[in-house]
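To find a chain, count down the sequence lines: A is the first, B the second, and so on, and within it residues start at 1.
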Number of protein chains: 2
Amino acid sequence: MPMSLRRLLFGDALPTAHEVYHRLTKVQALAVFSSDALSSVAYATEEILLVLVLAGSSALGLSVPIALVIAVLLVIVGTSYYQTIHGYPSGGGAYIVAHDNLGVWPGLIAAGALLIDYVLTVAVSVTAGVAAVTSAFPVLLPFRVLLCLLAIALIAWANLRGVRESGRLFSIPTYGFVCILLTLIVVGLARAITGGLAPVPSQIPKSTVGGGEVLMAFLVLRAFASGCTALTGIEAISNGIPAFQKPEADNAGKTLLAMVALLTTMFLGITVLAHISRVSPTEAETVVSQVGRLVFGSGPLYLALQAGTALILILAANTSFADFPRLSSILARDRYVPRQLANLGDRLVFNNGIIALALLASTLVVVFGGQTHRLIPLYAVGVFLAFTLSQAGMVLHWRKEGGARWRLKAAVNGLGAVATGVVLTVIVGSKLIYGAWIVALLIPVSGWFFHTVRRHYESVAEQLSLDGLVPERWTGLASRRRHKVVVPVSGMHRGTLAALRFARSLSKDVTAVVVDVEPGVTSRVRKKWPSWGHDVPLIVLKSPYRSTLGPLLEYLEEVDQREPKRGLGVVVLPEFVTATWWQNFLHNQTAQLIKKALVYRRGQAAKDRVIIDVPYHLWH
Amino acid sequence: MPMSLRRLLFGDALPTAHEVYHRLTKVQALAVFSSDALSSVAYATEEILLVLVLAGSSALGLSVPIALVIAVLLVIVGTSYYQTIHGYPSGGGAYIVAHDNLGVWPGLIAAGALLIDYVLTVAVSVTAGVAAVTSAFPVLLPFRVLLCLLAIALIAWANLRGVRESGRLFSIPTYGFVCILLTLIVVGLARAITGGLAPVPSQIPKSTVGGGEVLMAFLVLRAFASGCTALTGIEAISNGIPAFQKPEADNAGKTLLAMVALLTTMFLGITVLAHISRVSPTEAETVVSQVGRLVFGSGPLYLALQAGTALILILAANTSFADFPRLSSILARDRYVPRQLANLGDRLVFNNGIIALALLASTLVVVFGGQTHRLIPLYAVGVFLAFTLSQAGMVLHWRKEGGARWRLKAAVNGLGAVATGVVLTVIVGSKLIYGAWIVALLIPVSGWFFHTVRRHYESVAEQLSLDGLVPERWTGLASRRRHKVVVPVSGMHRGTLAALRFARSLSKDVTAVVVDVEPGVTSRVRKKWPSWGHDVPLIVLKSPYRSTLGPLLEYLEEVDQREPKRGLGVVVLPEFVTATWWQNFLHNQTAQLIKKALVYRRGQAAKDRVIIDVPYHLWH
């Protein structure tokens with residue numbers, strides 16, 4: 001990309017010294033770290049109802065007890081993470097906690113689960129945010145995939161520019177969403193008590209399940225599993241402790257408690273309201289939107305609710321754009337993923353992680369047609385696996401550390417581990433055939449991938465190491481040797497002349513070859529060779545398959561085999577360089593292809609081939 | 001891509017000598033060339049109704065007179081092309097006819113219009129084909145974008161493998177579609193006459209237009225314009241005359257007449273049936289599917305109808321995958337588009353054209369949410385522009401050629417030109433704000449693009465020409481010169497040693513530089529330099545922005561300026577090459593980036609920089 005365009009899009013490069021952190025107050029930190037958790041209120045209730053409705057409208061009432069169980073779970077997991085914060089005051093992500101306490105493999109599994117879940121958070125949040133918009137403007141419904149892709153591209157672009165997790169910027173949408181949602185709950189409940197809320201007449205049959213109690217129990221478990229998506233994002237604060245003002249752990253703990261309280265209230269409130277107003281889930285409009293229309297009408301308050309929902313969901317997706325690149329850069333430093341993921345870009349952000357996340361999430365959105373409820377069975381598996389591993393790790397952590405009341409602390413985290421472990425089993429069991437199998441497969445695959453990458457890096461370091469080499473043997477060989485030089489010619493032009501001249505300055509053993517792909521070109525080269533060819537012999541190679549590469553490679557190998565002992569094989573490539581970047585697309589780039597093929601082809605002979613590029617610059 | 005995977009996917013390479021053509025019988029040719037034209041029956045009626053329904057259900061009856069006008073137009077254009085076939089027996093595409101008779105610019109405009117239309121044919125046919133499938137299986141409706149993308153990928157893959165326009169292969173779906181559609185019309189009309197066809201009760205208000213006659217007239221024109229998509233593909237036979245058995249033009253002419261007769265019958269039949277059964281267009285089910293269900297029920301005949309419709313639409317898309325690469329290769333030979341589009345791939349097909357078409361059509365599908373009726377306003381503009389230019393060109397052709405009855409022939413084509421010109425005006429006028437503006441903008445832009453590309457190629461040829469050079473001045477300079485050699489070092493490893501050794505064999509003036517991005521690496525290099533650095537001086541460059549490239553380029557420029565008169569600037573890059581292709585993705589490829597930056601950076605100094613790659617091969 002040309003420099004000027006790059007600057008316009010992404011801004012000027014920032015010097016490394018500019019990497020500073022601002023500490024966040026509790027109020028700011030709540031805004032920054034809770035968007036992922038709080039935003040799940042936008043879809044968790046709906047996902048419960050979507051499963052229950054399969055059993056008919058009479059089953060929808062089960063949503064309230066299910067939500068209560070999830071609320072209890074929220075408190076257990078919240079308390080558990082409260083302890084993690086105090087146990088790992090410098091930041092205790094699941095990868096670090098599991099790696100430290102349970103070992104390498106549990107750490108890698110936790111890391112894989114988290115990375116997969118970050119991708120899903122983006123996909124689920126963006127599709128749910130777009131659903132909030134299309135609920136208000138149904139005319140946009142056919143374009144939801146496109147809208148999702150645009151939203152992902154926009155968030156990725158903002159992150160490539162280096163949007164900071166700025167407390168001020170995040171406070172408005174987060175607290176705005178909390179306010180409008182609490183207003184909705186209060187007004188809605190008040191109107192329900194005073195009888196001012198007319199329930200929606202249901203068009204769904206009262207009961208549709210014929211399979212009896214077993215099938216019904218399975219549906220309840222699935223509904224519970226879907227509702228557990230409300231817990232996603234609860235771990236965010238424990239990863240971000242260093243961003244808090246002092247005393248960090250203390251402030252982080254208090255913020256976590258506030259977040260759990262808010263989340264529980266909002267989730268229960270929406271579920272109860274949806275139940276009272278007998279809302280049932282539809283393809284075209286979200287449950288929150290339906291409840292909002294009933295309570296607020298279709299006026300400005302309703303539009304504010306939809307806008308607030310869409311915004312906080314975008315923020316939730318944005319959180320993953322901070323977390324995914326951060327975790328993958330940590331993994332890259334530990335050499336478990338490609339090291340490009342640890343490169344800090346011009347704007348001090350991990351560009352490659354951001355781009356990878358955007359591409360993966362976009363793929364999910366396209367494959368699942370931009371529909372939240374199709375993505376939900378994949379979601380939460382990773383989160384709960386990470387929860388379980390991290391809490392189990394904390395139990396060992398307390399035992400190792402000992403200290404006052406370590407048994408109590410271990411018991412609290414133990415309860416968290418058992419609870420999340422049981423929920424994980426329920427989630428996997430009840431949603432396996434609906435898509436959870438994909439994630440259940442991907443997590444071990446990612447673990448294996450991390451392992452393979454690490455092994456490769458270790459092997460490269462070993463192969464490149466100077467250990468065992470004798471310096472004198474290498475420096476002694478630096479005398480001039482007679483190189484065998486080959487110049488591939490694609491036509492008689494100034495670029496060819498420049499390459500020939502450089503080749504002759506290197507060695508007296510130069511051969512030019514022309515591959516006979518276009519007979520007209522070959523005969524023109526032959527005709528002009530006597531006057532322009534310096535005294536270099538010209539060889540014509542036949543090409544029955546129209547390939548320039550094949551015959552050239554064969555010729556080079558033949559030469560190597562003929563004189564295996566003589567000097568280094570050197571290929572000099574004339575390459576003309578266009579005046580502007582776009583003009584490059586107008587040329588065949590044969591020189592590039594030859595370079596790639598020469599460098600990357602296998603076999604012993606490949607080892608001593610040197611490639612020389614002689615550019616000839618066009619001026620317009 | 002590794003060779004083995006490539007072979008598995010695309011098959012073995014074919015030698016150039018294998019390029020042979022089989023001549024087609026009239027029956028086979030009709031199957032091969034008519035899928036595009038005949039398949040438009042699947043959506044043309046629906047598009048008319050979709051516009052008329054805006055005026056209420058009472059306006060739907062206007063579809064029959066509109067269809068009759070379109071049928072007359074079909075006969076006029078058909079006759080016109082019948083003459084083109086005899087005027088250009090070696091193949092008379094709009095580009096060739098317009099270029100030959102009207103001049104360069106009309107030719108380029110026609111070419112641009114055609115290329116755009118081929119892309120739209122793929123998008124429209126594939127979305128309509130997927131609509132036929134989702135009409136039968138509504139559960140697939142949410143995945144229509146994904147299904148469209150998969151269909152495009154599949155067709156592209158088949159074409160990259162080199163699917164031939166085989167008469168036998170195409171006959172089954174084409175004639176199958178014709179049979180089932182004619183059966184539908186005959187059975188439907190028979191049941192309607194005997195009173196056995198119960199019209200669908202309409203839920204649409206009888207009249208909704210309040211704007212009076214002007215608005216109504218506009219709607220009728222728009223409906224007519226949408227219905228004119230029935231004419232797309234009618235020119236296919238005139239492009240493919242050389243594929244017919246002898247006498248080619250004669251056989252092609254007869255085939256064209258048969259096609260026009262079939263198309264007119266089927267289009268009128270479906271329109272009348274839809275009118276009798278009072279079908280109105282819906283989002284979820286196509287008009288043909290609704291008519292099919294009414295006449296056939298939901299049994300095997302209905303499923304055969306949907307399958308036949310989907311298949312012929314896929315074939316229609318496939319036609320564009322033959323036409324687009326063919327036309328763009330002709331344009332590439334005339335140097336109006338990038339010459340890569342003229343490259344024959346391993347399988348004797350124009351790979352790049354196929355890939356470009358697939359990408360463009362996929363973009364359209366995603367942007368327009370996979371919905372046929374949103375694409376229709378863009379469609380037909382290009383076709384009718386090409387029709388008009390080509391018919392106008394034919395008028396001049398007959399005048400130039402003279403001969404018996406040239407005035408009559410010119411009059412027939414003149415009528416065609418006027419008719420299609422008028423329709424073009426109607427289409428652009430009535431659909432401009434609904435999307436036709438995009439195409440109206442793109443066509444001149446593509447003409448400008450062709451012009452710019454041509455100018456670039458002419459300029460390059462001039463810049464590279466040897467005219468005016470004196471051979472002796474070039475060959476005389478081939479004596480050995482002392483080159484200034486710089487070796488960028490990224491760490492002390494075996495690859496570095498190999499590069500240093502080659503650099504020393506080239507020249508005594510070698511400098512090594514290390515860019516200080518990671519302080520640990522820099523100090524390790526410094527420590528090992530005394531024993532391994534041959535006697536080459538090592539320079540450390542500071543890098544406040546973490547960039548390896550920036551400081552290196554600055555240093556090279558500085559050296560150039562210090563000693564502008566001394567030899568060539570040579571950069572020797574150590575590059576380690578991994579044992580398998582995928583391992584490449586695990587490394588930073590800094591060497592590649594440096595090469596790109598050195599070759600493509602601008603400025604006078606760039607002109608004399610030679611880049612040397614010394615690969616070091618890893619063995620596992």
Note to self: Looking at chain A, which one of R144(B), H493(B), Q340(B) has the largest number of heavy-atom pairs inside 4.5 Å, strictly under?
What the structure shows: Q340(B)

Margin query: Within the 3.5 Å criterion, strictly below it, is a donor on S505(B) or H483(A) matched to an acceptor on the partner's side chain?
Written below: yes

Next item on the list: Would you mind reporting whether D613(A) and I612(B) have side-chain heavy atoms less than 4.5 Å apart?
Entry: no

Note to self: Heavy-atom pairs under 4.5 Å with chain B: which of G495(A), P338(A), G491(A) has the most?
What the structure shows: P338(A)

Note to self: Between L464(B) and L618(A), is there a side-chain heavy-atom distance shorter than 4.5 Å?
What the structure shows: yes

Next item on the list: Could you tell me which portion of L149(B) (side chain, backbone, both or neither) has an atom closer than 4.5 angstrom to a non-hydrogen atom of chain A?
Entry: side chain

Next item on the list: Take L146(B) and F368(A) through the test side-chain contact (heavy atoms from CB on, under 4.5 Å) and record every step on the way to the result.
Entry: CA-CA 8 Å; L146(B) 182 65; F368(A) 288 87; over 6 Å; no

Next item on the list: Measure the shortest side-chain to side-chain distance between F502(A) and V570(B) over non-hydrogen atoms and say whether it is less than 4.5 angstrom.
Entry: yes

Next item on the list: Could you tell me which portion of T452(B) (side chain, backbone, both or neither) has an atom closer than 4.5 angstrom to a non-hydrogen atom of chain A?
Entry: side chain

Item checked: pair L497(A)-L466(B): side-chain heavy atoms closer than 4.5 Å -> yes

Notebook entry, point to check: With side chains defined as the heavy atoms from C-beta onward, is the minimum distance between P142(B) and R374(A) less than 4.5 Å?
Noted result: yes

Next item on the list: Could you have a look at V367(B), L341(B), V337(B), T496(B) and say which one has the most heavy-atom pairs with chain A under 4.5 angstrom?
Entry: V367(B)

Note to self: Within the supplied structure, the quantity of interest is the number of heavy atoms (other residues, nucleotides, ligands) at a distance under 6.0 Å from E458(A) CD; does it exceed 12?
What the structure shows: yes

Item checked: Non-hydrogen side-chain atoms of V366(B) and V366(A) separated by less than 4.5 Å -> no

Margin query: Which atoms of S459(B) are under 4.5 Å from chain A, going by heavy atoms: the side chain, the backbone, both sets, or neither?
Written below: side chain

Check: Heavy-atom distance under 4.5 Å to chain B: side chain of Y457(A), backbone, both or neither?
Finding: side chain

Next item on the list: Find out whether V460(B) and H587(A) are in side-chain contact, i.e. whether some heavy atom of one side chain is under 4.5 Å from a heavy atom of the other.
Entry: yes

Notebook entry, point to check: Non-hydrogen atoms of chain A under 4.5 Å away: do they reach the side chain of Q371(B), the backbone, both or neither?
Noted result: side chain

